[in-house]
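Read through the structure below, which is laid out as structure tokens, and then see the notes.
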Number of protein chains: 2
Amino acid sequence: MDKLPERIRIKDIARLAEVSVGTVDRVLHGRPGVSKNSRERVEKILKELDYHPNMYASALASNKKYNFVCMLPLHSTRSYWHDIEQGARKAELSYSDFHISVEMLHYDPYDFSSFESVGKKALDMNPDGVMFSPTMSRTTLVFTKELEERKIPYVFVDSQVKEASPLAFFGQQAMQSGYFAGRMLMLLAHEKEAVVVFRHSRGGQMGSNQQHEREIGFRYYMNEHHKTCKIWELDVDVRQNQEETIQLLDDFFTSHPEVKLGITFNSQVHVFGEYLEYRNKSKAFNLLGYDLLDRNVNCLRKGTVTFLIAQQPFFQGYNGIQTLCKSLILRKEVKQVNYMPIDLLSAENLDYYLDSQESE
Amino acid sequence: MDKLPERIRIKDIARLAEVSVGTVDRVLHGRPGVSKNSRERVEKILKELDYHPNMYASALASNKKYNFVCMLPLHSTRSYWHDIEQGARKAELSYSDFHISVEMLHYDPYDFSSFESVGKKALDMNPDGVMFSPTMSRTTLVFTKELEERKIPYVFVDSQVKEASPLAFFGQQAMQSGYFAGRMLMLLAHEKEAVVVFRHSRGGQMGSNQQHEREIGFRYYMNEHHKTCKIWELDVDVRQNQEETIQLLDDFFTSHPEVKLGITFNSQVHVFGEYLEYRNKSKAFNLLGYDLLDRNVNCLRKGTVTFLIAQQPFFQGYNGIQTLCKSLILRKEVKQVNYMPIDLLSAENLDYYLDSQESE
DNA sequence: AGTATCTTTGTGCGCGTACACAACTCCGTT
DNA sequence: AACGGAGTTGTGTACGCGCACAAAGATACT
């Protein structure tokens with residue numbers, strides 16, 4: 001009786017099943033041309049020995065090129081989307097020895113037809129996998145259906161669409177994060193119980209569903225714990241210029257001097273933080289927002305924003321691409337729903353968070 | 001002129017430098033037996049083409065076995081150390097195709113000679129790398145000196161020792177985390193300004209330096225922002241039984257009814273949380289502690305502990321082993337000081353954090 | 001010139017897997 | 001008995017690299 005090596009190889013399986021490595025290979029990859037008898041014998045031994053192929057030898061031998069496409073809204077540097085993109089780029093680098101490439105495509109987040117045409121472009125590239133954020137829920141389903149027909153796996157980042165069947169999803173549980181935001185904001189309240197929700201939209205059209213969900217979670221918390229607390233709303237249109245915004249905020253604070261707490265559910269909290277600094281109001285006002293844009297981080301450091309909630313966009317992008325590799329190249333099972341932690345950042349714990357985000 | 005393939009290989013370098021692959025290999029590994037002329041020519045081309053070896057082919061070919069040792073204090077399941085160990089185990093699995101093994105050794109955290117003898121055992125195994133937590137600062141230096149003489153790289157987790165030169169360190173900036181803890185605790189204060197620091201030691205001997213550093217950071221914050229706030233201290237010995245502990249706490253709360261805030265700097269906050277539940281005091285008292293032990297998490301869920309500060313022990317362990325692999329096997333540069341984020345957990349954001357910690 | 005020694009360079013095999021292709025078996029047909 | 005074809009099975013080469021060993025060139029000494 002030969003003893004088995006520490007790490008089982010295909011030829012060990014072959015020897016035990018009394019077939020050649022070619023047959024084992026065919027069984028492993030589910031290819032035809034194997035008799036029922038051999039297939040069963042090989043499968044039995046594979047299971048018995050709990051065989052796992054050496055993924056590095058495997059990748060080396062297959063030598064196939066994998067092309068992934070990543071579709072994100074058009075964005076400026078240091079935005080939330082930018083961080084996701086950085087994560088995807090890093091993953092591309094990490095897995096470069098597997099011959100993967102990640103092609104970036106961008107669309108106008110306020111234009112359905114733009115998403116559509118970028119989606120077409122993506123399909124034309126005949127990718128092995130796609131990663132994108134389903135910010136456009138209606139058009140998304142047309143796109144995912146096409147992907148499913150072509151058997152191209154796709155990964156959602158940031159948000160998800162219930163009707164679709166992605167390989168995986170990476171993002172925050174937005175409602176719970178809004179709930180948590182409410183908790184943290186009211187911790188700052190003391191007796192001053194009145195809150196303003198700053199909205200930042202384009203003609204009333206919200207940037208994403210996530211923002212909406214956050215607000216629902218927030219209002220749920222408020223209804224549960226601070227029913228008497230008055231919640232004001234203030235809409236700022238992204239197309240307004242600075243003077244108009246300042247005027248709007250001045251008017252609001254003149255007519256509502258009792259409001260000492262503010263919250264935003266998108267990543268534009270710096271608009272309000274910078275206003276507070278300009279009017280020198282930050283001492284008496286507490287502001288909570290989302291995402292670690294540079295301008296938001298500056299506000300946090302200066303004290304014009306008290307808390308930021310983060311959601312590890314870098315890792316969303318990194319893990320998204322990583323998951324495609326794991327599933328397609330290494331043929332591993334992957335977890336489908338992956339909620340990112342709801343991270344609370346203040347001036348006091350910010351630095352070490354940023355530090356941990358940028359490295360791999 | 002031949003065009004270059006997308007991915008540069010050794011033989012491409014060899015062809016361009018007009019030498020054989022053997023010579024390129026010698027240059028890459030800094031081995032002797034190469035003329036100055038050849039070496040320079042090869043190095044020039046390596047740099048020009050920015051050559052990076054295919055690490056998977058490399059690992060496959062070398063086929064060397066790497067043995068790592070991980071030394072941690074003796075601990076029960078679901079403790080902080082346990083999570084580090086889990087991370088190390090996971091890394092062992094992730095990198096199993098590189099033929100690595102991680103041997104776990106445990107020592108009594110209150111016994112210097114135990115650390116010493118375990119250290120000897122580790123050296124006897126002639127490991128390729130060591131990961132441990134320098135909880136015993138004095139004996140650590142003897143051990144690290146020996147490691148350095150034998151040219152065995154080592155990684156610190158949890159805490160570090162200034163005089164040593166580890167390959168890398170993964171842990172929290174303890175002072176800053178104490179500072180942050182102060183900030184968050186005082187957020188819960190409102191007008192009731194009196195705090196008790198619960199200590200949990202063994203005959204006055206603190207478990208680790210990290211705890212001490214946290215308390216320093218905390219007191220620094222208090223001195224900066226709440227100078228008038230009275231800070232009481234209460235020492236509980238780990239060897240006391242439950243009745244004695246309850247008696248001690250009863251006495252304290254009887255004589256100091258005005259104290260409504262408590263903090264601990266080790267991971268034993270559940271001792272106090274469970275007391276609060278037992279005495280039904282949790283509504284009127286806010287408690288902050290460290291680390292996500294099961295019992296602590298239960299307290300958080302029940303509301304007997306308000307906040308926990310976490311430091312991703314799983315990733316400390318995972319990254320520690322990963323770093324050894326990267327440096328030794330893949331010959332990559334690694335970052336030496338890696339501060340873990342200072343994570344704030346409450347009942348509202350706990351679940352998604354736990355979710356993200358357990359998976360890889 | 002011949003030989004020994006040292007330095008430098010080139011070659012070949014193996015790591016574990018994937019895949020193309022060759023080879024063999026079995027069975028029915030001519 | 002010879003042949004063809006489908007269904008199976010085995011074999012050889014390649015992937016990119018590391019390393020042992022062979023080969024060739026250089027130098028010094030007899």
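Protein chains get the first letters and strands the later ones, always in sequence-line order, with residue 1 at the start of each.
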Quick one: side chain to side chain donor-acceptor pair (under 3.5 Å) partners of [X], sequence neighbours excluded?
X	answer
A/Asn67	A/Ser101
A/Asn319	none
B/Arg26	none

- Taking heavy atoms of chain A and a 4.0 Å limit, find me the 5'-most and 3'-most nucleotide of DNA chain D within that range.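 Listed 5' to 3', the contact boundaries are D/dT8 to D/dG16.
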
- B/Asn126: side chain to side chain contact (heavy atoms under 4.5 Å, CB included) partners, not counting sequence neighbours: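 Residues passing side chain to side chain contact (heavy atoms under 4.5 Å, CB included) with B/Asn126: B/Arg150.
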
- Message: For a quick check, with a 4.0 angstrom heavy-atom cut-off, what is the B/S/- contact string for nucleotides 12-27 of chain C, read 5' to 3'?
- Response: --BBBBBB--------

- So does A/Asp97 pair up with B/Arg7, basic N to acidic O under 4.0 Å?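 Looking at A/Asp97 and B/Arg7, the cut-off is met.
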
- Heavy-atom pair of closest approach, residues B/Met55 and B/Phe98: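 What the structure gives for the nearest pair is O-CE2, 4.3 Å.
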
- Could you pull out the closest heavy-atom pair between A/Phe132 and A/Val130, with the gap in Å?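 That closest heavy-atom pairing would be CD2-CG1, 3.9 Å.
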
- Below 4.0 Å: OP1/OP2 of C/dT8 and any side-chain N or O of B/Thr23: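 Indeed not, no polar side-chain atom of B/Thr23 lies that close.
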
- Should the pair B/Tyr318 and B/Phe315 be assigned to parallel (<30°), tilted (30 to 60°) or perpendicular (>60°) ring geometry?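 Answer is perpendicular, since the angle exceeds 60°.
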
